[in-house]
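We count ligands from 1, going down the list as the structure has it; atoms in each ligand are counted the same way.
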Amino acid sequence: MTTPLSGRDLLALSDLTPHEVALVLDAALEQKAAWAAGDHSAPLSGRAAALIFQKPSMRTRVSFEVGCARLGVTPVVLVGEGSAFSRGETVADSTSVLERYVDAIVIRTFDQSFVEEIARVASVPVVNALTDDYHPCQGLADLLTIREHKGKLSGLRFAYVGDGNNMAHTYLLAGALTGMDVAIATPAGFEPASHVIAKARKIAAGTGASIEIGVDPNAAVDGADVVATDTWASMGQEDEHAARVAVFDDFAVNPALMARAANDAVFMHCLPAHRGEEVLDTVIDAPSSIVYDEAENRLHAQKALLSLIMG
Ligand code: CP
Ligand code: NVA
């Protein structure tokens with residue numbers, strides 16, 4: 001059975017239209033409820049997916065492996081040096097071989113251009129499981145989580161405080177696609193990439209979303225319905241950790257910052273969190289923190305995505 005997203009790649013959230021994002025979220029809600037109600041049918045039985053990790057992972061790996069298992073898809077995990085795209089083999093050769101075995105390629109790597117190159121060659125769907133630029137699967141899970149907690153997306157005020165990294169980029173696109181007002185505050189020099197801001201603003205023009213980029217965490221969080229942050233030093237930036245902690249000190253999400261948000265604001269973090277750095281225990285352990293729901297929804301959002309693109 002084909003679906004409206006059969007065969008499609010997800011390299012960044014901007015690969016989806018606002019309607020297609022809603023389609024994935026609807027499917028995720030439906031499949032999550034069906035699974036909880038005891039419907040354990042495996043609609044993609046007999047298929048296989050390669051899950052390639054060139055950076056560390058816990059949540060993404062486990063949620064994709066379990067999601068595949070629930071769909072009837074055999075997950076083939078390729079981790080570490082020498083497992084895939086190595087030994088001098090060209091990207092085209094590796095991809096052309098992989099797609100003879102598997103029905104989807106999920107990859108976590110460094111350069112966005114690398115997943116784009118794989119997607120150009122592959123005739124099977126390619127899913128970005130995090131690059132230096134984007135984390136679209138996390139974006140879908142986070143949208144699902146916000147929708148569950150707030151009952152809507154359009155019109156919400158979403159604040160992100162911290163590094164202008166792959167998560168900031170993902171939230172810019174996620175907010176733009178769903179009609180949220182996104183306010184981002186980063187230290188000067190750590191803003192999101194200008195091409196991503198431009199892309200988000202272009203999408204926002206069609207959805208009623210707004211995009212604000214600044215350097216004042218208080219201004220970003222004032223009245224926000226959702227407050228999110230992420231690590232100050234992403235994977236691959238470990239050597240910069242100490243220097244970044246010094247620069248980002250004023251961007252920690254603490255109770256005083258959360259108090260500026262709406263009374264019923266929720267706190268989000270894709271995890272892993274660095275407690276005492278970008279977020280304090282008193283925020284991430286508060287009842288308003290929905291970080292574990294967010295982590296759980298990785299499973300439901302990705303399972304829905306795979307069922308649509310592999311269907
Ligand atoms: N949030 C997330 O992607 O976690 P992992 O790095 O553990 O996969
Ligand atoms: N920005 C973080 C996200 C981890 C899930 C990183 O890239 O390391």
Asp133 side chain to Thr131 side chain, donor-acceptor N/O pair below 3.5 angstrom:
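Absent: no donor and acceptor within the cut-off.
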Flag the pair Phe251 / Phe190 as yes when their ring centroid distance falls below 6.0 Å, and as no otherwise.
no
So, do His274 and Trp232 have ring centers that fall under 6.0 Å from each other?
no
Polar contact flag for [X] and ligand 1 (N/O pairs, less than 3.5 Å):
{"X": "Ser57", "answer": "yes"}
{"X": "Leu271", "answer": "yes"}
{"X": "Cys270", "answer": "yes"}

Nearest heavy atom to atom 2 (C) of ligand 1 wins, so pick from His269, Glu294, Arg298.
Arg298
Compare Met167, Arg59, Arg108 and give the one whose heavy atom is closest to atom 6 (O) of ligand 1.
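Nearest option to atom 6 (O) of ligand 1, by heavy atoms: Arg108.
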So do Phe248 and Thr186 actually touch side chain to side chain, heavy atoms under 4.5 Å?
no
Leu98 versus Phe85: any side-chain heavy-atom pair under 4.5 Å?
yes
Would you kindly specify which portion of Leu130 sits under 4.0 Å from ligand 1, judged on non-hydrogen atoms: side chain, backbone, both or neither?
neither
I'd like a table of the close N/O pairs between ligand 2 and the protein (anything under 3.5 Å), one pair per line with both atom names and the distance.
unit_1: ligand 2; atom_1: 1 (N); unit_2: Asn165; atom_2: ND2; d: 3.4
unit_1: ligand 2; atom_1: 1 (N); unit_2: Asn166; atom_2: OD1; d: 2.8
unit_1: ligand 2; atom_1: 1 (N); unit_2: Asp230; atom_2: OD2; d: 2.6
unit_1: ligand 2; atom_1: 1 (N); unit_2: Ser234; atom_2: OG; d: 2.7
unit_1: ligand 2; atom_1: 7 (O); unit_2: Asn166; atom_2: ND2; d: 2.8
unit_1: ligand 2; atom_1: 7 (O); unit_2: Ser234; atom_2: OG; d: 3.4
unit_1: ligand 2; atom_1: 8 (O); unit_2: Met235; atom_2: N; d: 2.8

Side-chain donor-acceptor pairs under 3.5 Å in residues 153-162, sequence neighbours left out?
unit_1: Arg157; atom_1: NH2; unit_2: Asp222; atom_2: O; d: 3.1
unit_1: Tyr160; atom_1: OH; unit_2: Asp163; atom_2: O; d: 2.7
unit_1: Tyr160; atom_1: OH; unit_2: Asn165; atom_2: OD1; d: 3.3

Over 12 non-hydrogen atoms of neighbours within 6.0 angstrom of CD in Glu30:
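Result for CD/Glu30: open.
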Does His135 have a non-hydrogen atom less than 4.0 Å from ligand 1?
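For ligand 1, residue contact (heavy atoms, under 4.0 Å) with His135 is present.
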Inter- and intrachain pairs under side chain to side chain donor-acceptor pair (under 3.5 Å), touching residues 204-213, at least two apart:
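Applying side chain to side chain donor-acceptor pair (under 3.5 Å) to every pair that reaches into residues 204-213, excluding sequence neighbours, yields Asp181-Ser210.
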Can you hop from Val106 to Val126 via hydrophobic side chains spaced under 4.5 Å?
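They do not share one cluster, since no chain of ILVMFWY contacts under 4.5 Å joins Val106 to Val126.
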Identity and separation of the nearest protein heavy atom to atom 7 (O) of ligand 1
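For atom 7 (O) of ligand 1, the nearest protein heavy atom is Met58 N, 2.8 Å.
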With clusters built from Ile, Leu, Val, Met, Phe, Trp and Tyr whose side-chain heavy atoms come within less than 4.5 Å, directly or transitively, what are the remaining members of the cluster of Val215, listed by chain and number?
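Once heavy-atom contacts under 4.5 Å are chained together, Val215 still belongs with nothing else.
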Heavy-atom contacts with Gln138 under 4.0 Å: which atoms of ligand 1 show up? List them by number with element.
1 (N), 2 (C), 3 (O)
